[in-house]
Amino acid sequence: GDSVTQMEGPVTLSEEAFLTINCTYTATGYPSLFWYVQYPGEGLQLLLKATKADDKGSNKGFEATYRKETTSFHLEKGSVQVSDSAVYFCAQRDNYGQNFVFGPGTRLSVLP
Amino acid sequence: DVKVTQSSRYLVKRTGEKVFLECVQDMDHENMFWYRQDPGLGLRLIYFSYDVKMKEKGDIPEGYSVSREKKERFSLILESASTNQTSMYLCASSSPTGTGNNSPLHFGNGTRLTVT
């Protein structure tokens, strides 16, 4: 079945460091891909999305490119801030289905 | 902006009680979902609904039921709460895929339920 795999956390970085969180997916169809962020004590918020191959989603300095050839959607940010400390979830939604499949989440801690 | 509102942020109930978790969305979304989130287990789908009075089991429906009497409201019911149902519960909504785009899920802020 469809699945999403993320790099294991936690990830700890210093402020202004470069961030990459890897995400790969398996799907029988042509999914849309999403990154969500969850700050402590809150629900998940949509960070960015991409709906077809080679699309790049971006928001708040974060970027991810839909790579069909490698079935990947890695999240990157050039310079992280302490306020980026959160749990990040990669997710997919099949274009023919109604449900979403989430990765396990990656906890990011950014130290000042 | 889509707003998904869960009625309680924190809830403490006793074993055996019947518990209702309420969720309301204001964007006329057809699809609504209930997840639970536990450390090390990620998000697990309990139930979802594509339309009023329709419901489908997710991955872990045992011990839960749902109600969707109105389009904007989706209730999760714990018939007889048990300690292993202590968790964070997240409600979400979305448009269906047939609308020509891939609408994301919009989440509420969650209800942290403790069963003692």
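Residue numbers begin at 1 in each chain, while the letters A, B, ... track the order of the sequences.
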Whatever's closer than 4.5 Å to a heavy atom in chain A on B/Leu90 counts as side chain
**Test side-chain hydrogen bond (donor to acceptor under 3.5 Å, both in side chains) applied to B/Ser103 and B/Ser94, step by step** = CA-CA 6 Å; B/Ser103 170; B/Ser94 75; 5.1 Å; no
Practice task
Identify whether the distance between the nearest side-chain nitrogen and carboxylate oxygen of B/Lys18 and B/Glu79 falls below 4.0 Å.
Solution key: yes
> Crowded around B/Arg9 CZ? As in, over 12 foreign heavy atoms under 6.0 Å?
Replying inline: yes
*asked:* Looking at B/Asp38 and B/Arg36, is any side-chain nitrogen of the basic one under 4.0 Å from a carboxylate oxygen of the acidic one?
replied: yes
Turns out that what part of B/Gln37 lies under 4.5 Å from chain A's heavy atoms comes down to side chain
So, the part of A/Gln38 with a heavy atom under 4.5 Å from chain B: the answer is side chain
Okay, B/Arg44 and chain A: the region with an atom under 4.5 Å from a heavy atom over there is neither
| field | Side chain proximity check, A/Phe73 to A/Trp35, heavy atoms < 4.5 angstrom | value | yes
Turns out that what part of A/Phe100 lies under 4.5 Å from chain B's heavy atoms comes down to both
Under 4.5 Å to a heavy atom of chain B? For A/Leu44 that would be both
Honestly, the part of B/Leu45 sitting under 4.5 Å from a heavy atom of chain A is side chain
* Would you check if there is a donor-acceptor pair between the side chains of A/Glu63 and A/Ser58 at a distance under 3.5 Å? => no
